[in-house]
2 protein chains.
Amino acid sequence: MAIWDQEDHKDLPLYQRLYGYIRREIEQGKLKAGDKLPSVRQMAKEYEISRNTVETAYLQLLEEGYLISKQKSGYYVEHLQPDWFERKGSERGKAEQSEEPQEKQQDKQQDKQQACSPDKQGIERPTYDFIYGETDRDAFPYQEWRSCVQEAIRWEETEGGTYDNNVFGELELREQFADYLYRARGITCQPDEIIIGSGTQQLLMVLCQTIGKDKPVLGMEEPGYDRIRYVFQNHGCQVVPITLDTEGMRVNELMKSNAQLAYVTPSHQYPYGMVMPIQRRMQIIEWAKQTGGMIIEDDYDSEYRYVGKPIPALKGLDEEGAIIYMGTCSKLLLPSLRISYMVVPHQVIRENKQAFRQYLQTVPRFLQIALALFMKKGEWDRHIRRMRTRTKKKHQLLIQALQNELGEKIEIIGSEAGLHLLVQVKTKDTENELIQKALAHGVKVYSIQSYRTKPTESSYPVCLLGFGAMPLDRIEEACGALGRAWG
Amino acid sequence: MAIWDQEDHKDLPLYQRLYGYIRREIEQGKLKAGDKLPSVRQMAKEYEISRNTVETAYLQLLEEGYLISKQKSGYYVEHLQPDWFERKGSERGKAEQSEEPQEKQQDKQQDKQQACSPDKQGIERPTYDFIYGETDRDAFPYQEWRSCVQEAIRWEETEGGTYDNNVFGELELREQFADYLYRARGITCQPDEIIIGSGTQQLLMVLCQTIGKDKPVLGMEEPGYDRIRYVFQNHGCQVVPITLDTEGMRVNELMKSNAQLAYVTPSHQYPYGMVMPIQRRMQIIEWAKQTGGMIIEDDYDSEYRYVGKPIPALKGLDEEGAIIYMGTCSKLLLPSLRISYMVVPHQVIRENKQAFRQYLQTVPRFLQIALALFMKKGEWDRHIRRMRTRTKKKHQLLIQALQNELGEKIEIIGSEAGLHLLVQVKTKDTENELIQKALAHGVKVYSIQSYRTKPTESSYPVCLLGFGAMPLDRIEEACGALGRAWG
DNA sequence: GGGTATTTGTCCGTATGTATG
DNA sequence: TCATACATACGGACAAATACC
């Protein structure tokens with residue numbers, strides 16, 4: 001692998017990548033005016049590419065004035081006017097500011113409503129929407145899905161007896177989940193420990209109304225997902241915010257609280273994105289052991305990891321049966337499918353069986369069957385692979401584009417996994433101002449204020465950018481607009 | 001015969017077989033990271049297939065991250081992440097047995113657990129099952145339903161924008177419900193007063209956590225549906241049982257209680273089946289007016305009425321906005337579809353909008369669209385008529401057969417509507433003995449004990465017979481067996 | 001160093017069999 | 001029976017990358 005190849009788009013033609021590399025070297029001053037480039041033959045040999053490829057790149061640079069060629073001597077870097085790049089940037093900056101005055105009212109309304117996280121009710125559609133929680137519907141294998149659904153309905157018509165109906169969910173699907181969790185997340189569990197439900201909120205409601213009744217104090221990451229917090233609060237739980245450090249939830253704080261339940265996102269904290277390292281994991285399990293508490297692990301994001309090894313679930317370390325694991329199909333398939341699941345330790349199920357059975361299954365049966373078929377046929381695994389490669393590209397491109405456009409002005413937080421990242425902007429603007437400015441340039445980014453129980457003091461404002469639903473080919477444009485908005 | 005063809009299923013498409021072959025080669029390490037694959041043309045020539053077939057296979061591998069492509073150079077094997085799908089569930093199969101030899105115990109437990117209503121987990125299937133809550137699947141227009149589902153998925157794929165997602169449910173479906181409620185139930189409401197949810201329990205949970213928070217005392221019919229009562233109780237509501245007379249809930253009792261909420265089934269009380277006459281209806285509305293209380297009207301059964309005029313919903317009389325109406329598709333279509341809805345008065349929605357929005361919609365979107373299509377095409381109305389005549393026949397036959405077989409020994413309660421009736425047996429046997437005797441003759445009938453908060457004193461035992469799912473031509477046989485069991 | 005032929009990925013339209021209504 | 005839609009399979013054409021002389 002060549003040096004100039006590393007960070008670039010793999011799908012560009014060779015000669016263009018080489019061209020881009022050399023151009024950047026020149027623009028960044030690593031190659032100075034008058035420097036001699038390696039000969040075409042040399043370059044070709046070094047990087048094991050054809051001479052013609054090198055030459056095409058050189059010729060393009062020649063045309064654009066980056067190089068000059070001296071006959072029978074070599075290619076040399078041209079003397080550039082010093083402020084050339086700057087001018088290019090500044091002209092663009094001014095051009096597009098005239099767009100503001102339309103949408104202000106709307107957004108003020110929205111702010112009031114924004115007790116809750118991103119609302120999809122927005123009336124006017126921004127040009128670029130970094131929404132979180134939607135998926136890339138183009139990547140979804142609708143064809144296979146349709147055929148699975150068809151097959152499932154047919155199955156229910158002909159073979160689906162009345163009697164197999166199960167409040168925990170269809171056995172076939174629970175078997176598939178158990179198998180997947182073992183293979184991909186390092187969790188060993190039995191199908192009868194799995195409960196299926198239509199969304200994490202709904203499953204948490206069931207938990208609150210069963211095991212949660214005698215555990216009314218919950219420790220939750222601060223900041224953390226508001227829609228989760230509301231569920232607990234609306235059940236009369238006292239939610240104790242536990243702050244974060246770089247390793248995730250501060251278990252020391254948890255220890256000092258009188259919480260009997262803890263809600264954590266160890267694989268990829270929401271929204272900050274840190275991964276809980278092994279020591280901290282041991283520590284929180286130790287907390288559960290000492291206090292008899294239960295841990296709720298929300299693995300909402302697990303399919304998306306881009307660097308390093310996949311992080312096994314916390315649940316994989318659980319030997320005491322103190323962890324309830326929650327997974328979802330919303331991020332991988334379609335959020336509108338409404339299928340989630342949780343793994344509840346045997347003993348907990350046994351002790352609360354009666355309580356769990358009070359609640360009817362909420363996921364349509366044929367849908368469960370359809371998903372089980374989908375998984376059985378390998379479409380699930382296939383889709384994971386597909387989404388991972390697809391999303392990885394977006395992820396890389398987004399980070400690169402952000403750095404190109406805003407460079408030193410921003411810091412990117414939580415960028416190894418998942419479908420979102422945080423951007424901290426080094427500015428005196430408030431978060432709201434940033435969001436408004438972005439919107440004025442047609443870019444919608446999101447606040448994380450509703451994820452906090454207390455407003456932030458100090459430090460620079462932070463915005464959330466979800467890129468799961470953003471088309472690959474619009475990311476650069478979107479970041480360009482963002483650059484103009486904030487630059 | 002190609003190599004990659006040997007062991008594979010012959011029925012798979014060519015490109016998928018090639019895809020699977022190459023994938024296995026990579027997973028087994030025969031093709032290593034960085035290896036170059038034969039060019040599309042080479043591969044095509046070698047196996048005598050079209051280039052595009054090869055290309056399709058390569059593209060799929062590309063999407064899923066097994067390969068990377070270098071423009072005009074070739075396809076290469078990607079560096080795989082170490083242990084994502086390595087663990088093929090070999091060990092897992094064995095683990096499953098470690099599970100206690102529980103199956104049998106379970107059922108003994110179950111009898112005790114029957115704090116909850118009929119559980120569909122029963123292992124041995126009785127010859128005749130008067131189960132309640134299932135529908136006649138033979139009557140369901142699967143053909144039309146499949147096509148609606150197909151169309152809905154296709155719609156979501158092509159036109160289903162991200163932005164119309166609505167926590168209350170899809171507008172199209174809410175419009176259809178509003179229209180139906182007006183035509184069939186005498187209810188005038190706006191689509192934006194309707195909230196869709198996956199079952200009455202789930203909708204009640206949302207209610208409990210929103211408007212129910214400051215109304216913690218609920219009056220409920222005694223006896224009444226246990227699964228409803230649990231929801232309220234598990235939310236910390238105090239459930240005050242209000243006894244019945246022949247006109248339904250005794251509103252006088254409700255007046256004397258300090259309830260701020262009342263749960264009623266005025267069209268067809270569950271399980272006793274009486275209809276609340278107009279005077280009583282006025283009375284309960286008056287109660288709401290005086291106390292500022294809210295009424296929850298559960299119209300679970302409304303489509304099935306066999307004698308006299310259809311009874312309009314209580315909600316139709318509501319001028320104060322004090323009634324929340326609940327309807328469901330479980331009884332008419334399939335219970336496993338999990339679609340219900342409620343009509344919440346404008347003012348209540350307004351006052352609690354923020355709270356309602358905390359909860360994501362739980363019914364899959366495509367399913368909502370499918371049902372909306374189903375209704376739009378007139379299939380819903382058609383199906384209602386079909387089911388009504390069909391069920392009416394069953395209903396008449398059942399009553400006649402019961403009287404033939406058991407005549408004076410029994411009294412039939414609540415037999416003008418619905419999908420179930422109660423049979424009171426003039427005997428010294430206990431309810432449990434009756435159920436056991438019936439079961440010994442292959443007939444399963446159900447207890448209503450769990451619907452009471454206090455056990456019955458006095459009077460003869462009562463059993464519940466649901467006939468919605470019982471085939472017409474088996475009713476007489478079933479009653480014959482019941483006659484032998486109890487006669 | 002230059003020119004040409006070949007290989008390569010990619011995009012296009014088209015024909016066939018099948019399932020559905 | 002006919003019409004439609006769809007997945008599958010095929011070959012032509014093009015431009016980029018490479019190989020060869």
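Any value given below was found using the heavy atoms of this structure, including those in side chains, with hydrogens, waters and symmetry copies removed. Chain A is the first sequence line, chain B the second, and so forth, proteins listed ahead of strands; every chain is numbered from 1.
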Spacing between [X] atom [atom1] and [N] atom [atom2], to the nearest angstrom:
| X | N | atom1 | atom2 | value |
| --- | --- | --- | --- | --- |
| B:Y75 | D:dA16 | OH | C1' | 14 Å |
| B:W145 | C:dG21 | CH2 | P | 14 Å |
| B:E55 | D:dA13 | CD | P | 17 Å |
| A:E151 | C:dT20 | CD | P | 11 Å |
| B:Y142 | C:dT20 | OH | P | 17 Å |

> Which atom names give the shortest non-hydrogen contact between B:P364 and A:L337, and what distance separates them?
Replying inline: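 Answer, listing the atom of B:P364 first, then A:L337: CG-O, 3.3 Å.
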> Nucleotide by nucleotide, 5' to 3', does protein get under 4.0 Å of the base (B), only the sugar-phosphate (S), or neither (-) in nucleotides 4-10 of chain D, counting heavy atoms?
Replying inline: --SSSSB
>> My understanding is that only residues two or more places apart in sequence, or in another chain, count here; which of them pass side-chain contact (heavy atoms from CB on, under 4.5 Å) with B:E64?
In response: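 For B:E64 the side-chain contact (heavy atoms from CB on, under 4.5 Å) partners, ignoring immediate neighbours, are A:R382, A:R385, A:R386, B:Y19, B:Q60, B:Y66.
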> Should B:I153 and A:V149 count as side-chain neighbours, where that means a heavy-atom distance under 4.5 Å?
Replying inline: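 Heavy-atom side-chain distance check passes, below 4.5 Å.
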>> Just to verify, what does B:Y180 make a ring-ring contact (aromatic ring centres under 6.0 Å, His included) with, not counting sequence neighbours?
In response: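 Residues passing ring-ring contact (aromatic ring centres under 6.0 Å, His included) with B:Y180: B:W380.
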>> Assess, by modelled atom type and distance only, whether the side chains of B:E63 and A:T389 contain a donor and an acceptor separated by less than 3.5 Å.
In response: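 There is no such pair (donor and acceptor under 3.5 Å, judged by atom type) between the side chains of B:E63 and A:T389.
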> Is the shortest distance from a Lys or Arg side-chain nitrogen in B:E170 or B:R174 to a carboxylate oxygen in the other one below 4.0 Å?
Replying inline: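 No, this pair does not count.
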